[in-house]
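All remarks here apply to the structure that follows.
Residue numbers start from 1 in every chain, and the chains themselves are labelled A, B, ... in the order their sequence lines are given, proteins ahead of strands. Computed from a predicted structure; not experimentally measured.
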2 protein chains.
Amino acid sequence: MESGYVTLEQVAQHAGVSLATASRVINGSTRQVSQRLREKVTKSAQELGYLANASAQTLARNSSSLVGLLVHDISDPYFSSIAAGVTRHTEEQGLVLVLGTTGRSTQTESRILSTLRAHRARAVVLVGSRSTDEESNRRLAQEIHLFRRQGGRVACVSQEGLPADTVTPDNHAGAADLARRLIAQGHREFAILAGPTDLQTARERLDGFHSALSGAGLQLAHHNVVHGAFTRDGGYESTRRLMAVGTDATCLFAVNDVMATGAMAALRDLGLRVPTDLSVAGFDDIPTLRDLTPALTTVRLPLERMGEQAAALALDGEPTDQPRVVTVKGEVVERESTAPPTR
Amino acid sequence: MESGYVTLEQVAQHAGVSLATASRVINGSTRQVSQRLREKVTKSAQELGYLANASAQTLARNSSSLVGLLVHDISDPYFSSIAAGVTRHTEEQGLVLVLGTTGRSTQTESRILSTLRAHRARAVVLVGSRSTDEESNRRLAQEIHLFRRQGGRVACVSQEGLPADTVTPDNHAGAADLARRLIAQGHREFAILAGPTDLQTARERLDGFHSALSGAGLQLAHHNVVHGAFTRDGGYESTRRLMAVGTDATCLFAVNDVMATGAMAALRDLGLRVPTDLSVAGFDDIPTLRDLTPALTTVRLPLERMGEQAAALALDGEPTDQPRVVTVKGEVVERESTAPPTR
DNA sequence: CTAGTCTAGGAAAGAGTTTTCCCGTGGTCC
DNA sequence: GGACCACGGGAAAACTCTTTCCTAGACTAG
């Protein structure tokens with residue numbers, strides 16, 4: 001009681017039983033322990049303030065209660081929403097969540113993954129779109145393989161293609177739905193903030209939007225597609241570039257909400273009104289951004305639920321041989337940031 | 001290489017040295033190892049793909065590389081901003097961040113704290129205002145004491161009064177500064193969304209605002225102070241209640257930005273314009289909310305830096321006997337959500 | 001009544017590191 | 001040349017659990 005730690009041995013001694021018995025009582029193993037001893041042990045543990053040493057348990061069991069969560073940037077509301085879902089699920093199960101932020105560096109990602117491996121983490125949830133760079137995908141797949149071989153489980157959010165269970169939004173369909181709704185509003189000329197060229201999610205959304213336009217017999221002018229960072233500032237900057245050369249578009253589609261936010265700020269700074277001068281639409285429906293004015297027309301994704309589902313894929317049930325893929329449909333939400341074109 | 005894990009013993013064998021030597025090479029202990037053996041060991045480790053078992057290390061060293069971070073709700077941008085700072089600092093040091101979300105329950109908070117204790121976490125950063133409930137504060141202080149006794153270090157953000165290093169915003173001064181600026185704009189009648197009654201941060205901001213008003217010879221009518229949840233929806237709901245009974249205020253101060261966001265939404269729904277019909281001010285200057293329109297007048301806190309500082313307090317240097325307190329000044333940022341009153 | 005089965009308890013063998021302690025070698029100083 | 005020291009290396013203890021294996025006793029069946 002006095003100094004430092006109370007060990008199970010001390011509890012056993014205090015209760016007058018063997019170490020084995022004490023262990024069986026405390027963690028409730030398969031083996032039975034008589035009511036009498038059971039009480040003695042719990043009472044002793046209580047009195048001494050015993051707290052099991054988690055690393056010793058991990059070492060002995062060769063399996064820990066750690067679950068990893070890898071995101072690009074936790075202060076981005078997209079990631080923090082998903083993180084909230086993952087946390088909820090892990091905490092319900094009494095597991096411990098380890099948060100790793102990669103800052104979009106695949107190197108950091110691999111490093112953290114191996115740290116998790118060192119900790120014998122039970123599972124890891126990878127969030128954030130993969131790049132289309134083959135080399136780094138291969139390296140990541142290798143790390144995942146190692147993680148797996150040690151008995152760890154892996155689930156991904158929004159990055160199909162990796163050898164792991166995945167919950168992914170139907171980016172293509174969502175963007176196509178959105179495009180059709182915008183066309184229905186009367187728009188014919190579109191500009192797109194397409195994000196980075198090497199980001200799968202961004203590409204799928206671009207493709208989906210594009211194919212719906214084609215389906216409606218509309219062209220997308222090359223100069224109306226602007227690439228840039230997948231962030232608020234990326235959206236701002238891309239919009240400035242777009243408007244600098246000028247555009248004939250009546251509607252601007254940013255492939256995610258944070259970019260759309262940047263776009264709206266840029267337009268405001270340029271003295272343009274949304275949606276009067278230009279309609280703006282996004283993708284994700286980030287909860288924190290719902291209070292923007294004008295409210296953003298976007299494609300709603302149940303981000304928190306997606307996090308929960310990913311955690312469930314990684315933690316519940318038995319591991320499967322074939323990677324499972326849960327596809328989440330996005331739902332178009334029309335708000336004030338888009339309106340029929342005035343010209 | 002084939003099955004499961006590579007242990008240090010295997011590395012030692014492969015290199016033809018003792019376990020002790022291998023250990024000394026890999027972790028770079030105080031003891032010297034000859035260049036010759038050093039190379040042999042690193043080469044073997046490399047070849048075999050050795051990765052140290054973190055729990056075994058923790059057990060042997062009786063100190064882990066885990067750092068805890070406790071927040072109320074990670075999807076709240078206030079917390080995720082701070083979390084970003086904490087992550088940055090911990091990852092720089094090669095430490096592993098454990099994220100716990102308490103959902104504002106002190107019980108959950110204690111539970112997570114003891115889990116961290118079980119893991120021999122090196123430090124923990126507690127974020128989020130303490131309640132003014134004495135009983136739960138006492139329990140928390142007790143947990144902190146236990147954590148400390150095991151060699152763990154504790155730092156807090158925004159919750160002075162606990163026996164731990166703290167970085168805290170100067171809520172009183174910030175709110176008072178804001179009040180004076182608003183008075184200078186010409187406002188005389190204020191309404192306040194004061195948050196929960198038992199939240200220290202909320203109370204300090206209310207007090208600071210209030211004392212600046214008194215200093216200017218202004219009264220704050222009782223019916224113009226509304227209490228409610230510290231969240232966006234709390235702000236919305238409080239505003240609805242305030243407006244339902246009617247107010248003579250020309251300016252509404254919400255004690256944090258997310259509440260202010262809710263307030264603006266409520267006013268919009270009521271058909272009132274900000275700032276024409278009513279000015280609105282907040283506190284925190286949440287980065288994600290900077291794109292609201294009208295842009296929010298608020299008190300800027302360097303949230304990410306505060307997170308870093310807290311992590312630094314908990315990790316760098318030697319533990320001190322006396323709790324250190326770092327006070328962060330907030331800076332008033334005037335934006336479009338406040339304007340001189342029109343009546 | 002004996003052989004066989006089941007049960008609860010304990011001793012001890014791990015799990016993979018770190019670290020202490022011991023030993024031999026080689027150098028330095030009178 | 002002997003006493004002392006510094007240094008690099010290894011054997012083994014320590015860290016705290018879980019779990020296997022063993023044993024003694026109780027019970028059941030024939």
> Does anything in residues 115-124 of chain B pair up under salt bridge (Lys or Arg N to Asp or Glu O under 4.0 Å), and if so which pairs, sequence neighbours excluded?
Replying inline: B:Arg117-B:Glu143

>> Suppose the criterion is salt bridge (Lys or Arg N to Asp or Glu O under 4.0 Å): which pairs have a residue in residues 312-323 of chain B, not counting sequence neighbours?
In response: none

>> Holding to salt bridge (Lys or Arg N to Asp or Glu O under 4.0 Å), I want the full list of residues that pass it with A:Arg138, two or more places apart in sequence or in another chain.
In response: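 Once residues adjacent in sequence are excluded, the partners of A:Arg138 under the salt bridge (Lys or Arg N to Asp or Glu O under 4.0 Å) criterion are A:Glu135.
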
Test side chain to side chain donor-acceptor pair (under 3.5 Å) applied to [X] - qualifying residues, sequence neighbours left out:
X: A:Arg324; result: A:Asp165
X: B:Ser114; result: none
X: A:Gln57; result: none

>> Around atom CD of A:Gln107, are there more than 12 heavy atoms from other residues, nucleotides or ligands closer than 6.0 Å?
In response: no

> Is it true that the side chains of A:His14 and A:Gln10 contain a donor and an acceptor less than 3.5 Å apart?
Replying inline: no

> If the sugar-phosphate is the primed atoms plus P, OP1 and OP2 and the base is the rest, what is the B/S/- string for nucleotides 17-28 of chain C, using protein heavy atoms under 4.0 Å?
Replying inline: BBBBB-------

> Looking at DNA chain C, which of residues 34-41 of chain A put a heavy atom within less than 4.0 Å of it?
Replying inline: A:Ser34, A:Leu37

>> Check B:Lys43 with B:Glu47, please: is the shortest side-chain N to carboxylate O separation under 4.0 Å?
In response: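 Looking at B:Glu47 and B:Lys43, the cut-off is met.
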
If you look only at distance, which donor and acceptor atoms sit under 3.5 Å apart when one is on a side chain in residues 76-86 of chain B and the other is two or more places apart or in another chain?
| from | atom 1 | to | atom 2 | distance (Å) |
| --- | --- | --- | --- | --- |
| B:Asp76 | OD1 | B:Tyr78 | N | 2.9 |
| B:Ser80 | OG | B:Pro77 | O | 3.3 |
| B:Ser81 | OG | B:Pro77 | O | 2.8 |

>> Which residues pass the side-chain contact (heavy atoms from CB on, under 4.5 Å) test with A:Glu39, not counting sequence neighbours?
In response: A:Gln35

>> Here's a test for you: under side-chain contact (heavy atoms from CB on, under 4.5 Å), which of B:Val96, B:Leu97, B:Leu66, B:Leu99 qualifies with A:Val98?
In response: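 The option that passes is B:Val96.
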
> Which is the 5'-most and which the 3'-most nucleotide of DNA chain D that has an atom under 4.0 Å from a heavy atom of chain B?
Replying inline: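 Under 4.0 Å from chain B, the extent on DNA chain D is D:dG8 to D:dT16.
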
> When the C1' atoms of the five terminal pairs at each end define the local axes, what inter-axis angle does the helix from C:dC1-D:dG30 to C:dC30-D:dG1 show, to 10 degrees?
Replying inline: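 Here the helix ends are tilted 40° relative to one another.
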
